[in-house]
Amino acid sequence: MNTNYHTIIIGGGAAGFFTAINLAERLPEAKIAILERGKDVLQKVRISGGGRCNVTHAEFIPKELSLNYPRGEKELLGPFHSFMTGDTIAWFEERGVTLKIEEDGRMFPTTDSSQTIINCFLELAQKFNIEILTSHNVTSINKEENWNVYTKEEQFACENLVITAGSSPKVWEMMRELGHSIERAVPSLFTFNIVDKKITELAGIALEATVEIPKLKLESQGPLLITHWGFSGPAILKMSAWGARDLNQSDYKFDVVINWLNHISRQDCYETLIAQRSSKRQVGNEWLFDLPKRLWKFLVASINLTEKNWADCSNNDLQNLATVLTASTFSINGKSTFKEEFVTAGGVDLKEINFKTFASKKQENLYLAGEVLNIDAITGGFNFQNAWTGGWMIAQSIDD
Ligand SMILES: Cc1cc2nc3c(=O)[nH]c(=O)nc-3n(C[C@H](O)[C@H](O)[C@H](O)COP(=O)(O)OP(=O)(O)OC[C@H]3O[C@@H](n4cnc5c(N)ncnc54)[C@H](O)[C@@H]3O)c2cc1C
């Protein structure tokens, strides 16, 4: 039996390492181990951000930052006042890793390599004598005076137990046995597969649009990308995250309504079209509203107006055109993974966590951070920020 651990951390990912290093910096004498089931640690960090690791997002107002978390918005607001983007940047900078901001706000190491983050963590873990035990799959835990943690071959005992095992159904089951409730896991961050593939001829077109799913009362606005299989881009990814549960319930079959003119209403659009009647040109050859030409031609053709002159268009023609421009409806059936990046919505119920410490309200000396909790964000570096914030808070909270 391996005894006398001050703290054992289950899961050698982003949240696990951030907890271990910050705790070891605060309590250098504490005996700390990370138990990781895989042969290697930090596997998700390695592949994250296309191998570049999108560490955080350049949003420096706690309230604004919290708005990027469909699950966790309310709970993370307090913790963000203790540790958020600026602290993350400074933390890495003080340890020799400089981050840079890209145009869309995503932040990466200046080396553009996730290995920089991994090296930083591994060097610090070694410096502070944190034991990293790979191929240690935790199969059960229980509590007597101390925590007992079991792998197939070994048993460990520790005063404090930290769960940073990500989206692991087995670990969620262990948490359930300790009295926690688990929100069922469903996918988040995905793109939509379209039924009628005609519009996919326009793959590659991107524009600002408003997207609605009336049946589920979901609405999203932002860049929309037409792909070979349907729709993607920030407007869709945001919707997939905010609607993760409802979309799962609908079995990913629903209608989306797209306003290609973004904020322009149907009525304002119609009035612009009426004014266009003074033109003698064909509707298909005179595109309005700065829409991409190919998209204009596609929409106009869908209601057979391509060769009609503007002057000959009836009110009804222009009503139809206003409808396809501001409320095109497409049937969706299924989803696709976004750039291999996926996140799970679900996990330990947030009501059962004290967000001043990230401690369990169900068990003493038990702490949880990262994706094991029912917290997830839209794409952009926010998911790692959740792992850093939780890990840091735990490291400040555990007793000597
Ligand atoms: C391809 C991809 C790219 C991504 N890119 C980004 C990005 O650029 N920016 C961003 O913010 N987010 C990104 N994400 C999301 C981000 O990676 C996760 O939110 C984050 O890794 C969660 O950290 P975590 O420590 O909670 O869990 P994980 O990183 O999943 O770590 C959990 C660890 O626990 C271990 N474990 C599980 N069960 C056991 C057990 N029983 N015993 C021992 N060990 C166990 C696992 O093997 C794993 O190593 C990406 C996700 C994917 C899939």
Side-chain angles (χ1 to χ4, degrees), residues 8-21 33-59 65 68-69 71-72 85 88 99 102 104-109 112-114 117-118 121 132-141 149-152 154 156 161-175 185 187-190 237 241 337-348 358 367-392 394:
I8 283 185
I9 295 163
I10 302 180
F17 268 80
F18 213 70
T19 307
I21 292 165
I34 297 176
L35 304 188
E36 165 56 48
R37 71 175 167 195
K39 285 205 183 70
D40 255 324
V41 290
L42 296 165
Q43 291 284 39
K44 255 185 172 177
V45 170
R46 186 180 305 282
I47 57 171
S48 67
R52 296 199 298 143
C53 188
N54 180 189
V55 175
T56 186
H57 198 98
E59 171 55 73
L65 183 63
N68 295 288
Y69 295 82
R71 285 145 294 269
T85 317
T88 304
L99 304 181
E102 302 217 324
D104 57 6
R106 292 181 303 157
M107 299 199 69
F108 295 88
D112 276 327
S113 169
S114 56
I117 304 297
I118 296 175
F121 285 169
I132 300 172
L133 303 171
T134 52
S135 302
H136 277 65
N137 186 9
V138 173
T139 49
S140 68
I141 43 193
V149 179
Y150 303 85
T151 64
K152 212 165 157 206
E154 288 174 79
F156 297 81
L161 185 59
V162 180
I163 311 292
T164 51
S167 299
S168 160
K170 283 196 184 135
V171 174
W172 281 328
E173 190 47 44
M174 293 178 212
M175 293 302 104
S188 183
L189 288 187
F190 47 83
L237 292 168
T337 307
F338 166 69
K339 289 190 190 164
E340 304 308 313
E341 176 174 341
F342 48 87
V343 164
T344 308
V348 173
F358 281 68
Y367 300 82
L368 301 94
E371 247 186 66
V372 70
L373 296 173
N374 183 26
I375 295 181
D376 61 271
I378 60 168
T379 179
F382 305 104
N383 282 301
F384 278 141
Q385 186 56 56
N386 168 46
W388 313 141
T389 297
W392 191 84
I394 292 174

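Heavy-atom basis, side chains included; hydrogens, waters and symmetry copies ignored. Numbers here simply count residues along the sequence, with the first being 1. All ligand and atom numbering here is 1-based and tracks the order in the structure.
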S.K.: Which bit of Val41 gets closer than 4.0 Å to ligand 1, counting heavy atoms only: side chain, backbone, both or neither?
M.R.: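 For Val41, no heavy atom sits under 4.0 Å from ligand 1.
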S.K.: Which of the numbered atoms in ligand 1 are below 4.0 angstrom from a heavy atom of Asn137?
M.R.: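 Those atoms are 40 (C), 41 (N), 42 (N).
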S.K.: Going by the order shown, which atoms of ligand 1 are within less than 4.0 Å of some heavy atom of Ile47?
M.R.: 1 (C)
S.K.: Can you name the atoms of ligand 1, numbered from 1 with element, that are less than 4.0 Å from a heavy atom of Thr164?
M.R.: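 Heavy-atom distances to Thr164 below 4.0 Å select 32 (C), 33 (C), 34 (O).
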S.K.: Taking both backbone and side-chain atoms of Ala387, is any N or O found less than 3.5 Å from an N or O belonging to ligand 1?
M.R.: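 Looking only at distances, the answer is no, because the N/O contact criterion of under 3.5 Å is not met.
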S.K.: Where on Val171 is there a heavy atom closer than 4.0 Å to ligand 1, on the side chain, on the backbone, on both, or on neither?
M.R.: side chain
S.K.: Give a yes/no verdict on whether any heavy atom in Gln43 is under 4.0 Å from an atom of ligand 1.
M.R.: no
S.K.: Check ligand 1 against Ser168 and write out every atom of the ligand that is under 4.0 Å from a heavy-atom position of the residue.
M.R.: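 Matching atoms, with element in brackets: 38 (N).
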S.K.: Could you tell me how the ring of Tyr69 sits relative to the ring of Phe382: parallel (under 30°), tilted (30 to 60°) or perpendicular (over 60°)?
M.R.: perpendicular
S.K.: Have Gln385 and His57 got a donor and an acceptor in their side chains that come within less than 3.5 Å?
M.R.: no
S.K.: Report yes if the side chains of Phe358 and Val162 come closer than 4.5 Å at any heavy-atom pair, otherwise no.
M.R.: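 The answer is no, as the side chains (C-beta and beyond) never meet within the 4.5 Å cut-off.
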S.K.: Stepwise, does the side chain to side chain contact (heavy atoms under 4.5 Å, CB included) test hold for Phe384 with Thr88?
M.R.: CA-CA 10 Å; Phe384 278 141; Thr88 304; over 6 Å; no
S.K.: Strictly distance-based, threshold 3.5 Å: is any side-chain N or O of Thr85 a donor or acceptor partner for the main-chain N or O of Ala58?
M.R.: no
S.K.: Would you mind running through ligand 1 and noting each atom that sits below 4.0 Å from a heavy atom of Leu35?
M.R.: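 Answer, ordered by atom number: 43 (C), 44 (N).
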S.K.: Taking Asn137 for the side chain and Arg37 for the main chain, is one N or O donor matched with an acceptor at less than 3.5 Å?
M.R.: no
S.K.: Which ligand 1 atoms, with their elements, are less than 4.0 angstrom from a heavy-atom of Ser48?
M.R.: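 Selected atoms, number and element: 3 (C), 4 (C), 5 (N), 6 (C), 7 (C), 8 (O).
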S.K.: Any nitrogen or oxygen of Val138, main chain or side chain, under 3.5 Å from a nitrogen or oxygen of ligand 1?
M.R.: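 Yes.
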S.K.: Before you tell me yes or no, could you show the steps for Tyr150 and Thr139 under side chain to side chain contact (heavy atoms under 4.5 Å, CB included), namely the whole-Å CA-CA distance, both residues' side-chain angles and the distance that decides it to 0.1 Å?
M.R.: CA-CA 6 Å; Tyr150 303 85; Thr139 49; 4.2 Å; yes
S.K.: Heavy atoms only: give me the nearest Val41-Gly12 pair and the separation to one decimal.
M.R.: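 Closest heavy-atom pair between Val41 and Gly12: CB-O, 3.5 Å.
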S.K.: Main chain of Gly51, side chain of Ser114: is a donor-acceptor contact present, judged purely on distance under 3.5 Å?
M.R.: yes
S.K.: Heavy-atom contacts under 4.0 Å between His136 and ligand 1: side chain, backbone, both, or neither?
M.R.: backbone
S.K.: Number the atoms of ligand 1 from 1 as they appear, then name those within less than 4.0 Å of a heavy atom of Gly370, with their elements.
M.R.: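 It comes down to these atoms of ligand 1: 26 (O).
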S.K.: Quick one: CG on Asn383 to CD on Glu371, what's the gap to the nearest 0.5 Å?
M.R.: 6.0 Å
S.K.: Examine Ser167 against ligand 1 and note whether any of their N/O atoms are separated by less than 3.5 Å.
M.R.: no
S.K.: Quick one: which ligand 1 atoms are inside 4.0 Å of a heavy atom on Asn54?
M.R.: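 Result: 7 (C), 8 (O), 9 (N), 10 (C), 11 (O).
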